[in-house]
K.L.:
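Provided herewith is a single structure, encoded as structure tokens, for subsequent inquiry.
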Amino acid sequence: MSAASPAGRSAQSVPVSARRADAPHTSMFLRMLMRAAVLRRGRAASALLAMVVAAAVATAMMNLYVDVQAKLRTEFRSYGANIVIAGKDGASLPPDALARVDQALAGKGLAAPFAYVVARTVNGQPVVVAGTDFARVQNLDHWWSVSAWPSAPQQALVGAHAQSVVSPDSKPFPLTFQGHTLDLTPAGTVQTGAAEDGRVYISLADFLAWTGIDPSTIEVAANGSPAEVNAALRTLSQTLPTADVRPVRQIVEGEARVLGKTRATLYAAAVLIILTSALCVLATLTGWVFDRRKDFAIMKALGASESLVSGFFAAEAAALGAVGALLGFAFGIGIAAWIGRVNFHAPVVPRFSVLPWILVGSIGVALLSALLPMSLLRRVEPAIILKGE
Amino acid sequence: MFARLLYESFRRQKRRKLLAGIAITLGVAVATAMIAVATDIGDKISRELRSYGANLLVTPQEDSLDVEIGGLNLKPPSDGAFLDEADLPKIKGMFWRNNIVGFSPMLPATVAVGDGNSTLKAPLLGTYFAHTITFGKESFVTGVRTTHPWWNVQGDWPRDESQDVLVGERLAAKLNKHGGDAIDLAGENHRIAGILSTGAGEDDEIVAPIALAQRIIGRPGAVRRVYVSALTKPEDALALRDPKTMNPELFDRWYCSPYVQSIAYQLQETIPHSHAEQIRQVAQNEGTVLSRIKGLMLLVTLAALFASALAVSAAMATAIFERRREVGLMKALGAGNFGVAALFFAESALLAILGGIAGYAIGITLAHQIGRSIFDADITIQPVLFPVILAIAVIVTFAGSAAAIRRAVQFDPVFALRGDA
């Protein structure tokens, strides 16, 4: 059939005996381990492949499970503020409130101030005018559909419903509040489908100069887990003892619910996948060890003790498990990073704290799959195995 | 002869076949469960996303401008236009009725609250709590308990046909009232069923069945606005187009897709003199969150499929590798390469089909288990999944066996029989 194979064998077998003579006398145990891996490359490789795949998938799932929650939380921040700070009974907050909030958040969130008055149009129609910081709102409230953000003083962002009342033809319009008149140019319109549609938004500087009223509300989007949001809530109420600091339950509870379900699904998937890969490894490795019952019988026939033979197979399995775990860990981190990049446009940070778990798990499964067939073989006489029955 | 070889191979090598079969079954079970969950997760999560509340708001078309600050409406309650409560059941008759999770009509009013000697003006909100409406033969329960799931009541929810009310927690603290107390509203005595906590403007209000609010402002059947919670499909290019500029065919496609825009359009058609609009904070973000979670599950499923494919391949390769001696014997007795390969492939196919069927059964059980324990709802399994899974199982098993079979067949029978295998 294939001429290459016998030729290769005989060519190999002569130098093997020559090599044996002057080979360094390393421990027989180690040499047996090495030879077993080299001579049965095909089998060893397929067992290793199963091991690597299982370890890789387990690593990827564990990494994802830990990291995805943080990733999803940043997505949930696009729902906007989860904390509202308001003056008690509609009173204004202290003038330095926003600076204090920014300091308390320390970069772990966004805040936008709002001040409200009811002003009158030329026809005496009441309309709510809000003063705010447009740059902050733009970052906080992504869902606002704005045709053009105001960029100069005395420009206004007009709500889609308010437009027909204050400036139906998009011309400059005056608004009066307590006898003071402010001339405004509409820069664009805002549409949200909520109360914002009925308001006129102007910059905080214009608002303050016009009405002399400080913001009464600060909307805060605090980042992080529920515990971190609660901590932010406590810090904020300590920072502003005179104000009312409340979580926005609609946002906080909705997020907790959706995140909880997603996490549970991911957890179920992780458990399922890890368990299956472990069982597949078990099946493959058990078969592998079982097939080497001849080696086992020869060793015993040559006088090896039971514990030595068991130790040999266990060491082999442990080595396979460790190598598989390390390779798999590297692949798994790659898979997790790829999923993070494709889905969240941010790589999943490798977590080395997962590595010991993977190592222990892999070696454990490998040992189990080596010792399981061993306990079966132990009862059989070597002669019967060697006879081929 | 072929059939007998096949039969004997399974009969005599039960352990090996069992191991390979277990690997295939497990791989297929995980693949099935993951695919079933991943294809249905969009539906399940979009239901969970409804806990963010209504994503559509219906208001009267000719409404005057709201003058509202911090949930407090400064516009006189009887001012402006109203919708008719009698039109609301029609919502369950529109094209996308099954996508409407719930709706709540709202009617704000102001009421004089007497607490013994002094009175105080307090805002009152009339709504449905869990109101049963009937449209045709169907009945449907809707109200704030569906559309505003974050509303929390200490005590009991009032019944919609009763005269009981809820008092917001901050107003209750101000009035020093508790659940079960009596409260005097506009000269009538009412029972406080419970104390309401929402974390928003309703904490300073009285929330009552809508009929009470209608009686207070003297307008039976009046509704100021309706919050509608609907399951929608994430926006795409078609969703954003103006329906007026579409040709009839495109319009039909737009109309028959559950975009938030087309549901708003249908609500406007259904309720006379109304204007329906998406609440962008809820509606716009839904799509992003949904696509992230769906994408995540899809990628995890891909990883799971890849892993099960490799595991099955490894198991098959192992199973065949150890049978080189058999191959040698067959070839020594005159079997051709083709015959030997055919036998092995037939064995693989049989294993794949048996393992595939068992794995599929286990997989759908797992998927149902996941659906029930996590989402309290069954995972919908597409019937097409079964042939797809079987095909995948056969292909993966073949791919995994092919290399091993090739090597086994090419091995010289002399060496195989001598025991060098």
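Here is how names work: the chains are called A, B, and so on, in the same order as the sequence lines, proteins then strands, and each is numbered from 1.
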K.L.:
Using non-hydrogen atoms and a 4.5 Å limit, figure out which bit of A:Ser277 sits close to chain B: side chain, backbone, both or neither.
P.N.:
neither
K.L.:
Do A:Phe344 and B:Arg292 make a side-chain contact, defined as non-hydrogen atoms from C-beta onward lying under 4.5 Å apart?
P.N.:
yes
K.L.:
May I ask you to name which of B:Ile293, B:Leu302, B:Leu296, B:Leu57 has the most heavy-atom pairs under 4.5 Å with chain A?
P.N.:
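Among B:Ile293, B:Leu302, B:Leu296, B:Leu57, the one with the most close pairs to chain A is B:Leu296.
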K.L.:
Side chain, backbone, both or neither: which part of A:Ala269 has an atom under 4.5 Å from a heavy atom of chain B?
P.N.:
both
K.L.:
Could you look at A:Leu272 and say if it's the side chain, the backbone, both or neither that has a heavy atom under 4.5 Å from chain B?
P.N.:
both
K.L.:
Got a second to check how far B:Glu277's CD is from A:Asp197's CG, nearest 0.5 Å?
P.N.:
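With rounding to 0.5 Å, CD (B:Glu277) is 5.5 Å from CG (A:Asp197).
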K.L.:
So do the side chains of A:Lys261 and B:Arg47 get within less than 4.5 Å of each other, counting heavy atoms only?
P.N.:
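They are not in contact (no side-chain heavy atoms under 4.5 Å apart), so the answer is no.
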K.L.:
Under a 4.5 Å heavy-atom cutoff, which of B:Leu56, B:Leu49, B:Thr288, B:Ile22 has the most pairs with chain A?
P.N.:
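The candidate making the most pairs under 4.5 Å is B:Leu49.
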K.L.:
Does any backbone or side-chain atom of B:Ala23 lie under 4.5 Å from a heavy atom of chain A? Answer side chain, backbone, both or neither.
P.N.:
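Both parts, backbone and side chain.
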K.L.:
Side-chain contact, heavy-atom cut-off 4.5 Å: B:Asp203 with A:Arg246?
P.N.:
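Sidechains of A:Arg246 and B:Asp203: in contact.
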K.L.:
With a 4.5 Å limit on heavy-atom distance, are the side chains of B:Thr198 and A:Gln250 in contact?
P.N.:
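Sidechains of A:Gln250 and B:Thr198: no contact.
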K.L.:
With under 30° as parallel and over 60° as perpendicular, where do the rings of B:His275 and A:His161 fit, or are they tilted in between?
P.N.:
perpendicular
K.L.:
Given the options B:Gln281, B:Gln284, B:Lys44, which has more heavy-atom pairs under 4.5 Å with chain A than any of the others?
P.N.:
B:Gln281
K.L.:
In terms of heavy-atom pairs under 4.5 Å, which option from B:Asn152, B:Thr301, B:Ile45 contacts chain A the most?
P.N.:
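Sorted descending by pairs with chain A, the first entry is B:Asn152.
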K.L.:
Non-hydrogen atoms of chain B under 4.5 Å away: do they reach the side chain of A:Glu196, the backbone, both or neither?
P.N.:
neither
K.L.:
From B:Gln278 CD over to A:Thr192 OG1, what is the distance, rounded to the nearest 0.5 angstrom?
P.N.:
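Between atom CD of B:Gln278 and atom OG1 of A:Thr192 there are 10.0 Å.
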K.L.:
Output the distance between atom CH2 (A:Trp143) and atom CD1 (B:Ile279), rounded to the nearest 0.5 Å.
P.N.:
11.5 Å
K.L.:
Under 4.5 Å heavy-atom distance to chain B, tell me which part of A:Ile251 shows up: side chain, backbone, both or neither.
P.N.:
both
K.L.:
Identify which part of A:Ser145 has an atom lying under 4.5 Å from any heavy atom of chain B, answering side chain, backbone, both or neither.
P.N.:
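For A:Ser145, the contact with chain B is made by backbone and side chain together.
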K.L.:
Side chains of B:Leu299 and A:Trp338, heavy atoms from C-beta outward: is any pair under 4.5 Å?
P.N.:
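Counting from C-beta outward, B:Leu299 and A:Trp338 do come under 4.5 Å.
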K.L.:
Can you check whether B:Trp150's main-chain N or O pairs, donor with acceptor, with A:Arg249's side chain at less than 3.5 Å?
P.N.:
yes
K.L.:
Below 4.5 Å from any heavy atom of chain B, which atoms of A:Val84 appear? Answer side chain, backbone, both or neither.
P.N.:
neither
K.L.:
For chain A, which residues of residues 365-372 of chain B have at least one non-hydrogen atom nearer than 4.5 Å to it?
P.N.:
B:Leu366, B:Ile370
K.L.:
For A:Tyr79 and B:Asn285, work out which heavy atoms get closest and say how close.
P.N.:
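What the structure gives for the nearest pair is CA-ND2, 3.3 Å.
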K.L.:
Residues two or more places apart in sequence or in another chain: which of them pass salt bridge (Lys or Arg N to Asp or Glu O under 4.0 Å) with A:Glu255?
P.N.:
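Expected list: A:Arg77.
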K.L.:
I'd like to know if A:Asp244 pairs up with B:Arg170 as an ion pair, taking the criterion as any Lys NZ or Arg NE/NH1/NH2 lying under 4.0 Å from an Asp or Glu carboxylate oxygen.
P.N.:
yes
K.L.:
Of the backbone (N, CA, C, O) and the side chain (C-beta and beyond), which part of A:Pro247 lies under 4.5 Å from a heavy atom of chain B, both, or neither?
P.N.:
backbone
K.L.:
Given side chains that start at C-beta, do those of B:Met297 and A:Leu266 come closer than 4.5 Å, heavy atoms only?
P.N.:
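Heavy-atom side-chain distance check passes, below 4.5 Å.
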K.L.:
To the nearest 0.5 angstrom, please state how far the CG atom of B:Leu26 sits from the CG atom of A:Leu275.
P.N.:
8.5 Å
K.L.:
Which one, A:Leu49, A:Val57, A:Thr265, A:Thr262, leads in non-hydrogen pairs under 4.5 Å with chain B?
P.N.:
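Most heavy-atom pairs within the cutoff with chain B belong to A:Thr265.
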K.L.:
Quick one: which of A:Val127, A:Val117, A:Ile339 has the most heavy-atom pairs under 4.5 Å with chain B, could you say?
P.N.:
A:Ile339
K.L.:
Which atoms of B:Ala33 come close to chain A, meaning under 4.5 Å heavy atom to heavy atom: side chain ones, backbone ones, both, or neither?
P.N.:
side chain
K.L.:
Name the option with the most non-hydrogen atom pairs under 4.5 Å to chain A; the candidates are B:Ala303, B:Gly53, B:Ala200.
P.N.:
B:Ala200
K.L.:
Checking heavy atoms, do the side chain of B:Val300, its backbone, both or neither come under 4.5 Å from chain A?
P.N.:
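Both parts, backbone and side chain.
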K.L.:
Rounded to the nearest 0.5 Å, how far apart are CG of A:Leu259 and CD of B:Glu48?
P.N.:
11.5 Å
